[in-house]
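Only one structure is covered here, and it is reproduced in the block below.
This is a predicted model, so every value here is computed, not measured.
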Amino acid sequence: MLAEVLIFVPSIARFRLDYLQARLEKAQIASLALEAGGVVGADLERELLANAGVFNVVLRRDEVRQLALSSPIPEPVAATYDLRMAGPFDLIRDALDVLWTPKDPVIRVIGQPVQQAGLLIEVTLRQGPLRGEMLDYGLRILLLSALISVITAAMLFFAVRRLMVVPIRRVVRHMQAYAAAPEDARLVITPNARVRELRDAEQALGQMQTELIAAFRQKERLAQLGGAVAKIAHDLRNILTSAQLFADRIEQSADPGVARAAPKLLNSITRAVNLCESTLAFGKAEEHPPRLTRFALRPLLEEVAEAEGLSRETDPACLIDAPAGMMIRADAEQLHRVLSNLVRNARQAIEATGQPGTIELSGGEGEQDWWIRVGDTGPGLPPKAREHLFMAFQGSARKGGSGLGLAIAAELVRGHGGRLDLVRSDAEGTEFMLHLPRSGGIDAGEDSPAGADHPA
């Protein structure tokens, strides 16, 4: 549309200028009969004016204004246009004014005579014929522009279809086919788009498909391996449980050598049983969604400490700092498992040093979340454990550990929409911070009945 305006408006202004200049030239030619000194009759004068399309012609030579040809003017002159001093914007304005004026007024036009034939030439004429010619010319321009627009639109349509739509449809077909059979490597797209951006998209899609195929294969192998490990762990747990019963009896033997070896044997079997149970727990398809209920935090912290055999008087000592009336919204059972794991790790770390220590449990609330802090005065985590802290089988901080506890704890916290962070771990101790969101989901801010399932 902008191109049409930039083409049409100057064209129609130029057409008006050419039309008026043609009338001036015809009027000047008609007045040459008088310049030759001939006698022009009334009939001939009317014929000359009719052929020029004007009512009268005025020539100015040597500062003398001379009425060359004349006839009665049917009405007063409505406007005067001097073409000698009109600029481009003036011509455009006057042309648009002619188009928007449906009347047929008499106008005066002043111009420069051709061939230096005088100072100026002035004619009067009707504006109606000019407007009719301009409308006819504008209609032809519009029809031509419409034809060019149709051809351009068709070319753009086929160009966009060829360069954009067809490649995009190809990408969509590949995505649909790959979604139906993501393990089939033959369905990986081969980039061939001519447009650079689409080719980049095809390359990214192909790379993603290749990586996903490898991930699916690895996942399938790991799933098969996990199934085998779960079966082995299940059978091994049964065997070790029986061995643990015999080890308990051996521990009661009166033989001093057996009495010294029995605790070590019992501890080894206990660690093996715990590893099997942790592996079986981690190998489950998924944890059940949190059953969100509102409950007091402090009793839960006290219950966790009591379950681990800790209090203010024990070694290590356990200190609890949480408002008595503070209520939180979470799955009490899963949160108990998370805190028990953190407290057990802290107790074992302190006991491994042979020195007295302290475990601190505290809680509070902010505008966005509830927080629970678990800190201890143990020796801190080794660098290797900090690098893979929440990764299964890799984040164990003690000898004989499976590394599953923190991985499961972090997963349970994420199921609540929260996070479990390691705040610090150095020679002065270790501190974990657990954050639980105060709101989230479609039931945010409402109390859930006990036992009701809610997605995290």
Side-chain angles (χ1 to χ4, degrees), residues 1-8 142-230 282-292 368 388 390-394 407-408 410-420 435 437 439-444 453-456:
M1 293 301 296
L2 179 61
E4 181 67 25
V5 171
L6 295 177
I7 294 173
F8 175 79
L142 290 176
L143 291 177
L144 179 61
S145 300
L147 178 62
I148 295 175
S149 299
V150 170
I151 296 174
T152 304
M155 294 174 63
L156 285 175
F157 172 79
F158 288 109
V160 171
R161 180 180 177 83
R162 174 64 178 169
L163 297 177
M164 299 289 292
V165 177
V166 172
I168 290 176
R169 285 181 177 176
R170 178 172 176 268
V171 171
V172 172
R173 287 197 300 270
H174 272 276
M175 294 174 65
Q176 292 173 340
Y178 180 78
E183 300 87 0
D184 192 348
R186 298 173 302 171
L187 300 178
V188 176
I189 189 171
T190 301
N192 64 355
R194 299 180 181 179
V195 180
R196 184 183 64 184
E197 289 76 7
L198 285 177
R199 188 176 184 85
D200 293 342
E202 290 180 345
Q203 291 176 348
L205 177 60
Q207 181 179 359
M208 182 188 68
Q209 289 174 331
T210 303
E211 294 175 354
L212 284 177
I213 288 176
F216 281 135
R217 290 176 178 174
Q218 183 182 14
K219 182 178 180 181
E220 182 179 0
R221 293 171 184 170
L222 290 176
Q224 295 174 355
L225 178 61
V229 170
F282 185 76
K284 292 181 179 178
E286 61 180 3
E287 295 285 350
H288 66 77
R291 298 179 176 89
L292 303 180
Q368 302 295 330
H388 308 284
F390 300 112
M391 299 179 63
F393 302 106
Q394 300 184 43
I408 296 175
E411 179 181 347
L412 293 176
V413 175
R414 286 195 300 270
H416 285 73
R419 68 181 190 274
L420 178 61
H435 295 273
S439 61
I442 59 175
D443 296 326
D453 291 343
H454 293 275

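When all heavy atoms are compared, the tightest approach of His416 to Leu292 is CD2-CD2, 3.9 Å. Taking all atoms of both residues into account, the shortest heavy-atom contact from Leu198 to Ala193 is CB-CB, 3.8 Å.
Within 6.0 Å of atom CE in Met175, 12 or fewer heavy atoms from other residues, nucleotides or ligands are found, so the atom counts as exposed in its surroundings.
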Name every donor-acceptor pair, under 3.5 Å, that has one atom in a side chain of residues 149-173 and the other anywhere in the protein, sequence neighbours excluded.
from   : atom 1 : to     : atom 2 : distance (Å)
Ser149 : OG     : Ser145 : O      : 2.7
Thr152 : OG1    : Ile148 : O      : 2.7
Arg170 : NH1    : Thr190 : O      : 3.3
Arg170 : NH1    : Asn192 : OD1    : 2.9
Arg170 : NH1    : Glu202 : OE2    : 3.2
Arg170 : NH2    : Thr190 : O      : 2.7

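When side chains are defined from C-beta on, Tyr178 does not count as touching Ile189, because their heavy atoms never get closer than 4.5 Å.
Qualifying side-chain hydrogen bond (donor to acceptor under 3.5 Å, both in side chains) partners for His435, counting only residues two or more places apart in sequence or in other chains: Asp369.
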